[in-house]
Student: 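Got a structure for you, questions after.
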Amino acid sequence: MTQPITYELLHVDKNSGARRGVIHTPHGDIQTPIFMPVGTQATVKAMTPDELKDMVHAQIILANTYHLFLRPGHKLVQEAGGLHKFMNWDRPILTDSGGFQVFSLGALRKITEDGVEFRSHIDGSRQFISPEVSMEIQEALGSDIMMAFDECCPYPSTYEYTKKSMERTTRWAARCKEAHKTENQGLFGIIQGGFFEDLRKISASDLIQMDFPGYAIGGISVGEPKEEFLKMLKFTTPLMPENKPRYLMGVGTPDYLIEAAISGIDMCDCVLPTRIARHGTAMTSHGKLVVRNATYERDFTPLDDECDCYTCKNYTRAYIRHLLNTKEILGVRLLSIHNLRFLTKLMESVRIEIERDNLLNFKNDFYKKYGYTK
RNA sequence: GUGGAUUUAGCGUAGUUGGUUAACGCGUCAGUUUGUGGCACUGAAGACCGUGGGUUCGAGUCCCACAUUCCACC
């Protein structure tokens, strides 16, 4: 069968090694490297699809298997005509497998070889997701890119636990591939192995043998120090096939995104921009800005003087602070627009700089302005 | 005018038979947030307890006077 998801390499930055490419999907092309906004429950919180397209310039968004499985249920979404139609989004969608919830639900779940038993965080009911169930859900949702059902280990974890978990994740990946039947969806494998290089190597090579149309790095950016993150990132990315998309899961601070691109990553996603927006913080080219702080009470300038987004073109810090303090919905919306646009614009710059073989210089300038020390 | 009640942080309140640094919510101020379980979490500042006097080793707490606001009656 022809692959629904393919990767086309356009240019490699001669100095950094970063990749500029295109991912072809059933719902259109994705220019890479890319940042993908997260829409867990079939909505990027507070954003309409039109806003995501026109203001944020989002090319692809994420949705989550576990959440949509619980509510409203994948069958209902299927009945609605699939996720794209249900949520009125006609560009690519990537669904996470529920694997991250194996990690984040902590005490509310039990892992066995067969799969994971969850306690629903909504009503406490017993739920079960296995590789097969995850594939069934994601097929019903109809995403363009499906993720294999994996376990994301906490940081830190012992070598023994990480090894067992990684080997199980590999077996689960084989089961996902076996269970996956649709021809208009691409299934990505997820490399695990925690913070152990030999385990990462085994995970990568075992998964590559299974010939997925794309690969992700899971299990990093889970609370470890930045040096550990960079070390694992720079070790793992070169193990991934050059002719397929490379996805780093869960990364969303500007420095991590730039580092990811430099190491050869094509896709990243993160809840950070939308979450901190709801909590009153903006990302700007001069660093993080907590808009609700009193300093901005009478600050009638935009969030970021270098930003071209709808929020920055039309509203001031003082006004947004006022909206946040009065808990007006618009405050969160304006901040979400800005933060998402900040990251998609950052990645636009990254793509341009790769074409100019200039990403390393860009990084240095960006870091200096943002206030990063290294 | 008479009787009753009220007064504790910016606001709303708790504070037992008198016993260390007077508590809580909201607000204020600040920090956290990385394939979204909970949409928030963590911390800080802020009070001569209406005023004055008294009892007591010790008073937000008991007594007296005055003031305040509210309610009822005239």
Side-chain angles (χ1 to χ4, degrees), chain A residues 35-46 60-71 93-109 116 118-125 127 129 134 138 143 145-155 169 188-192 214-226 228-229 233 247-257 259-260 265 267-283 288-297 321 324-327 329 332 335-336 339 343:
Chain A
F35 171 78
M36 309 182 283
V38 179
T40 305
Q41 314 210 62
T43 166
V44 176
K45 292 187 195 298
I60 171 176
I61 60 174
L62 261 74
N64 189 283
T65 293
Y66 168 80
H67 295 266
L68 294 174
F69 169 60
L70 292 184
R71 252 188 339 203
I93 295 176
L94 183 152
T95 41
D96 191 20
S97 61
F100 186 71
Q101 281 63 45
V102 180
F103 159 76
S104 68
L105 262 61
L108 294 180
R109 73 352 179 212
V116 181
F118 295 93
R119 283 280 177 180
S120 160
H121 66 278
I122 298 163
D123 61 6
S125 61
Q127 303 291 343
I129 298 181
S134 179
Q138 295 186 69
S143 51
I145 298 174
M146 306 159 62
M147 299 304 299
F149 189 62
D150 67 329
E151 184 195 354
C152 175
C153 286
Y155 176 86
T169 286
F188 282 22
I190 304 176
I191 299 166
Q192 290 290 351
Y215 290 90
I217 302 176
I220 64 174
S221 192
V222 286
E224 73 282 0
K226 187 174 177 182
E228 290 274 304
F229 165 80
L233 173 67
Y247 166 25
L248 173 62
M249 307 183 83
V251 157
T253 56
D255 56 336
Y256 277 35
L257 288 170
E259 293 291 357
I265 290 291
M267 318 158 70
C268 290
D269 77 284
C270 196
V271 304
L272 195 66
T274 44
R275 177 178 287 169
I276 67 175
R278 292 196 304 285
H279 297 168
T281 300
M283 294 174 176
K288 199 162 68 172
L289 188 146
V290 184
V291 201
R292 65 182 147 74
N293 284 4
T295 339
Y296 308 114
E297 188 177 15
R321 177 175 191 272
L324 293 169
N325 282 350
T326 50
K327 301 199 167 29
I329 299 167
V332 162
L335 259 187
S336 296
N339 280 349
L343 291 187

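What's counted below: heavy atoms across the whole structure, side chains too, no hydrogens, waters or symmetry copies. Residue numbering restarts at 1 for every chain, and letters A, B, ... go by the order of the sequence lines. Keep in mind the model is a prediction, meaning the values are calculated, not measured.
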Student: Extract, from 5' to 3' on RNA chain B, the first and final nucleotides lying under 4.0 angstrom from some heavy atom of chain A.
Tutor: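 Listing 5' to 3', RNA chain B meets chain A from B:G27 to B:A40.
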Student: For B:U6 and B:U17, measure between their P atoms and round to the nearest Å.
Tutor: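 Between the two P atoms, the distance is 15 Å.
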Student: Quantified in whole Å, what is the C1' atom distance between nucleotide B:C70 and nucleotide B:U33?
Tutor: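 Approximately 48 Å lies between the C1' atom of B:C70 and that of B:U33.
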Student: Mind checking what makes side-chain contact (heavy atoms from CB on, under 4.5 Å) contact with A:Gln41, not counting sequence neighbours?
Tutor: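 In terms of side-chain contact (heavy atoms from CB on, under 4.5 Å), with neighbours along the sequence ignored, A:Gln41 is linked to A:Lys45, A:His67.
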Student: With sequence neighbours left out, what residues match A:Thr253 under side chain to side chain donor-acceptor pair (under 3.5 Å)?
Tutor: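 A:Thr253 satisfies side chain to side chain donor-acceptor pair (under 3.5 Å) with A:Asp255 only.
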Student: Of all residues at least two apart in sequence or in a different chain, which pass the side chain to side chain donor-acceptor pair (under 3.5 Å) check with A:Glu151?
Tutor: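 Scan of A:Glu151 (side chain to side chain donor-acceptor pair (under 3.5 Å), adjacent residues dropped) gives A:Tyr161, A:Ser165, A:Arg168.
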Student: What's A:Thr274 touching, base or sugar-phosphate or nothing? Going by heavy atoms closer than 4.0 Å.
Tutor: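 Since a base atom lies under 4.0 Å of A:Thr274, the category is base.
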Student: Determine the contact category for A:Leu70: base if any of its heavy atoms lies under 4.0 Å from a base atom, sugar-phosphate if only primed atoms, P, OP1 or OP2 are that close, otherwise nothing.
Tutor: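 Answer is nothing: A:Leu70 stays at 4.0 Å or more from every strand.
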Student: Should B:A65 form a Watson-Crick or G-U wobble pair with both distances under 3.5 Å, which nucleotide is its partner?
Tutor: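 Across any shown strand, B:A65 pairs with B:U51.
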Student: Could you tell me if the ring centre of A:Phe100 sits under 6.0 Å from that of A:Phe103?
Tutor: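 Distance test on ring centres: under 6.0 Å, yes.
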Student: Any idea how A:Tyr66 and A:Phe118 line up, ring-wise: parallel (<30°), tilted (30 to 60°), or perpendicular (>60°)?
Tutor: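 It falls in the tilted class, 30° to 60°.
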Student: If we take the P atom in both B:G4 and B:G27, what is their distance in whole Å?
Tutor: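 Their P atoms lie roughly 40 Å apart.
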Student: Pick base, sugar-phosphate or nothing for A:Gln192, based on heavy-atom distances below 4.0 Å to the nucleic acid.
Tutor: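 Since a base atom lies under 4.0 Å of A:Gln192, the category is base.
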Student: Quick one: label A:Val290 by what it contacts on the DNA or RNA (base, sugar-phosphate, nothing), any heavy atom closer than 4.0 Å.
Tutor: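 Touches sugar-phosphate only.
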Student: With a 4.0 Å cut-off on heavy atoms, is A:Asp269 in touch with a base, just the backbone sugar-phosphate, or nothing at all?
Tutor: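 Counting heavy atoms under 4.0 Å across all strands, the contact made by A:Asp269 is with sugar-phosphate only.
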Student: Looking only at atom P, what distance separates B:A30 and B:U34, rounded to whole Å?
Tutor: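 Result for the P pair: 22 Å, nearest Å.
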Student: So what does A:Arg292 touch, heavy atoms closer than 4.0 Å: a base, only the sugar-phosphate, or nothing?
Tutor: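 Base, at least one base heavy atom under 4.0 Å.
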Student: What does A:Asn293 touch in the nucleic acid at a heavy-atom separation under 4.0 angstrom: a base, only the sugar-phosphate, or nothing?
Tutor: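 The residue A:Asn293 makes sugar-phosphate contact but no base contact.
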Student: Distance between the C1' atoms of B:U8 and B:C74, in whole angstroms?
Tutor: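 Straight-line distance between the two C1' atoms is 34 Å.
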Student: In whole Å, what separates the P atom of B:G10 from that of B:A45?
Tutor: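 16 Å, rounded to whole Å.
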Student: For A:Phe188, what residues pass the ring-ring contact (aromatic ring centres under 6.0 Å, His included) criterion, not counting sequence neighbours?
Tutor: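 Residues passing ring-ring contact (aromatic ring centres under 6.0 Å, His included) with A:Phe188: none at all.
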Student: Scan every strand shown for a Watson-Crick or G-U wobble partner of B:U42, both distances under 3.5 Å, and answer none if you come up empty.
Tutor: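 Paired with B:U42, as far as the under-3.5 Å criterion goes, is B:A30.
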Student: Find the partner of B:G1: check Watson-Crick (N1-N3 plus N6-O4 or O6-N4) and G-U wobble (N1-O2, O6-N3) distances, both under 3.5 Å, and reply none if neither fits.
Tutor: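 B:C73 - that is the nucleotide pairing with B:G1, both distances being under 3.5 Å.
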Student: For A:Gln101, which contact category applies under a 4.0 Å heavy-atom criterion: base, sugar-phosphate, or nothing?
Tutor: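 Sugar-phosphate contact only.
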Student: How far, in whole Å, is B:U16 from B:C73 if one measures between their P atoms?
Tutor: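 It works out to 33 Å between them.
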Student: Please work out if A:Leu272 contacts a base, only the sugar-phosphate, or nothing of the nucleic acid, heavy-atom cut-off 4.0 Å.
Tutor: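 The answer is sugar-phosphate, as A:Leu272 gets under 4.0 Å only of primed atoms, P, OP1 or OP2.
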Student: Once ring-ring contact (aromatic ring centres under 6.0 Å, His included) is applied, do any residues pair with A:Tyr296, and if so which ones, sequence neighbours excluded?
Tutor: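 ring-ring contact (aromatic ring centres under 6.0 Å, His included) check on A:Tyr296 returns nothing, list empty.
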Student: Please classify the nucleic acid contact of A:Cys268 as base, sugar-phosphate, or nothing, using heavy-atom distances under 4.0 Å.
Tutor: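 Nothing: the residue A:Cys268, judged by heavy atoms under 4.0 Å, touches no strand.
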Student: Using Watson-Crick or G-U wobble geometry with both distances below 3.5 Å, tell me the partner of B:U13, or none.
Tutor: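 Its partner is B:A23 (Watson-Crick or G-U wobble, both distances under 3.5 Å).
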Student: Which base sits across from B:G60 as a Watson-Crick or G-U pair, both distances under 3.5 Å?
Tutor: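 Partner of B:G60: none found under 3.5 Å.
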Student: Taking only the P atom of each, what is the distance from B:A9 to B:U55 in whole angstrom?
Tutor: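 Comparing P positions in B:A9 and B:U55 gives a spacing of 28 Å.
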Student: Pairing donors with acceptors under 3.5 angstrom, does anything connect the side chains of A:Gln138 and A:Thr95?
Tutor: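 Their side chains do contain a donor-acceptor pair, which is all the 3.5 Å distance test asks for.
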